[in-house]
> 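Here's a structure for you.
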Amino acid sequence: SEQEQTFVMVKPDGVQRGLIGEIISRFEERGLKLVGAKFMQIDRELAEEHYGEHEDKPFFDDLVDFITAGPVMAMVWEGQDAVRQVRSMMGETDPAESAPGTIRGDLGLDLGRNVIHGSDHEDPGANEREIDLFFDDDELTEWERVDETWLYE
Ligand code: DAT
Ligand code: MG
C-alpha cells in the first residue's frame with residue numbers, strides 16, 4: 001500500500017503536560033518517519049483556517065482559544081497508509097470514548113483537551129491541505145530510515 005504524509009500536532013495541553021516526547025516515540029516506534037517539525041505558537045488567523053470546517057459549530061471559538069493558548073508541536077509524519085494509521089493510533093475525538101492503548105485513550109480524559117491533532121482520513125486531501133498550511137516545501141526533509149527494508153516487505 002501507499003506511502004503518504006500526514007499532518008500531526010501536539011496541542012497546547014500536550015505540550016504543557018510534557019507529552020511531546022511520549023507522542024513522538026509512539027510514531028517513531030511504529031515505523032513512521034518524521035519529515036518535518038516546527039515548535040510554534042498558532043495565531044488566530046491560522047487557527048481559524050486550520051479549523052475552518054468547524055466555523056459554524058458552537059465550540060468553534062473555544063477551540064480557537066484553546067489551540068492558540070500556548071505553543072504546539074507541528075509535525076509531518078510519513079509512512080505506509082500514514083493518515084489512517086495515525087488516526088487509529090490517536091483514538092476517538094473524545095478521549096473518554098478512546099480505547100486504552102491509543103494516544104487519547106492513554107493520555108486524556110476530556111473532549112476539549114484531547115492532546116493531539118491528526119489529519120482526517122475521511123477527508124481526502126486534508127493531509128496535503130494541512131501540511132501546506134503549516135509548512136513550506138523547504139521545511140520538509142526527505143530521507144531514508146535505516147530500518148525501512150525491515151519495516152516494509
Ligand atoms: P478530531 O480532532 O478527532 O479530528 P474534529 O475534527 O471533529 O475531531 O474536531 C476538532 C476538534 O474540535 C476536536 O479535536 C475537539 C473539538 N471538538 C470536536 N467536537 C466537539 C464538541 N462536540 N464539543 C467540544 N469540542 C469539540
Ligand atoms: Mg478533524
Side-chain angles (χ1 to χ4, degrees), residues 1-137 139-141:
S1 163
E2 202 185 334
Q3 291 286 320
E4 59 186 13
Q5 297 182 337
T6 189
F7 177 69
V8 175
M9 174 165 72
V10 180
K11 293 182 177 181
D13 55 333
V15 173
Q16 294 289 348
R17 292 175 55 209
L19 298 174
I20 294 173
E22 161 76 27
I23 289 167
I24 287 178
S25 288
R26 289 181 181 225
F27 296 130
E28 278 190 307
E29 289 169 7
R30 187 76 193 273
L32 293 165
K33 179 165 65 180
L34 186 66
V35 296
K38 196 186 285 191
F39 186 71
M40 60 183 287
Q41 182 131 6
I42 298 179
D43 62 25
R44 289 196 82 81
E45 189 186 350
L46 178 57
E48 284 169 6
E49 183 159 0
H50 173 66
Y51 280 128
E53 64 171 308
H54 298 302
E55 66 184 342
D56 297 328
K57 309 267 173 67
F59 58 82
F60 182 68
D61 288 341
D62 287 343
L63 181 59
V64 170
D65 285 347
F66 166 56
I67 210 71
T68 58
V72 301
M73 187 70 181
M75 298 176 280
V76 178
W77 287 90
E78 182 178 303
Q80 186 166 283
D81 206 14
V83 179
R84 196 173 62 85
Q85 292 303 340
V86 164
R87 289 295 300 203
S88 120
M89 291 170 72
M90 285 168 49
E92 304 302 319
T93 298
D94 188 350
E97 303 297 327
S98 298
T102 64
I103 292 167
R104 286 167 170 169
D106 286 345
L107 305 177
L109 289 165
D110 191 88
L111 174 56
R113 298 286 184 269
N114 62 5
V115 180
I116 186 169
H117 169 85
S119 300
D120 190 348
H121 63 299
E122 290 175 340
D123 178 3
N127 57 338
E128 287 179 11
R129 205 168 55 240
E130 293 176 347
I131 291 167
D132 283 350
L133 188 58
F134 281 84
F135 289 89
D136 294 329
D137 287 347
E139 293 175 319
L140 302 179
T141 303

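For ligands, and for the atoms within them, numbers begin at 1 and follow the listed sequence.
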> Just jot down the ligand 1 atoms closer than 4.0 angstrom to any heavy atom of K11, in number order.
14 (O)
> What's the shortest distance from atom 1 (P) of ligand 1 to any protein heavy atom, and which residue and atom give it?
T93 OG1, 3.5 Å
> Would you please determine whether L111 falls within less than 4.0 Å of ligand 1 on a heavy-atom basis?
yes
> Does L111 CG have over 12 foreign heavy atoms under 6.0 Å away?
yes
> Could you tell me, atom by atom, which parts of ligand 1 come under 4.0 Å of a heavy atom of R87?
1 (P), 3 (O), 4 (O)
> Mind telling me whether F134 and F7 have parallel, tilted or perpendicular rings, with 30° and 60° as the class edges?
parallel
> Taking 4.0 angstrom as the limit and counting only heavy atoms of N114, give me the atoms of ligand 1 inside it, by number and element.
13 (C), 14 (O), 15 (C)
> Is it the side chain, the backbone, both or neither of D62 that has a heavy atom closer than 4.0 Å to ligand 1?
neither
> Looking only at heavy atoms of H54, does any of them come nearer than 4.0 Å to an atom of ligand 1?
yes
> Check E4, Q80, R30 against Q85 for a side-chain hydrogen bond (donor to acceptor under 3.5 Å, both in side chains) and give me the one that passes.
R30
> I need the D13 CG to I67 CD1 distance, nearest 0.5 Å.
7.5 Å
> Which residue and non-hydrogen atom of the protein lie closest to atom 11 (C) of ligand 1, and at what distance in Å?
L63 CD1, 3.8 Å
> Out of the candidates H50, R44, E45, only one should pair with E48 under the side chain to side chain contact (heavy atoms under 4.5 Å, CB included) rule; please name it.
R44
> Is it the case that over 12 heavy atoms from other parts of the model lie below 6.0 angstrom from the CD atom of E49?
no
> Can you tell me if R104 has a non-hydrogen atom under 4.0 Å from ligand 1?
yes
> Atom 18 (C) of ligand 1: which protein heavy atom is closest, and how many Å away?
F59 CZ, 3.5 Å
> Quick check for you: to the nearest 0.5 Å, what is the distance between E130 atom CD and D123 atom CG?
8.0 Å
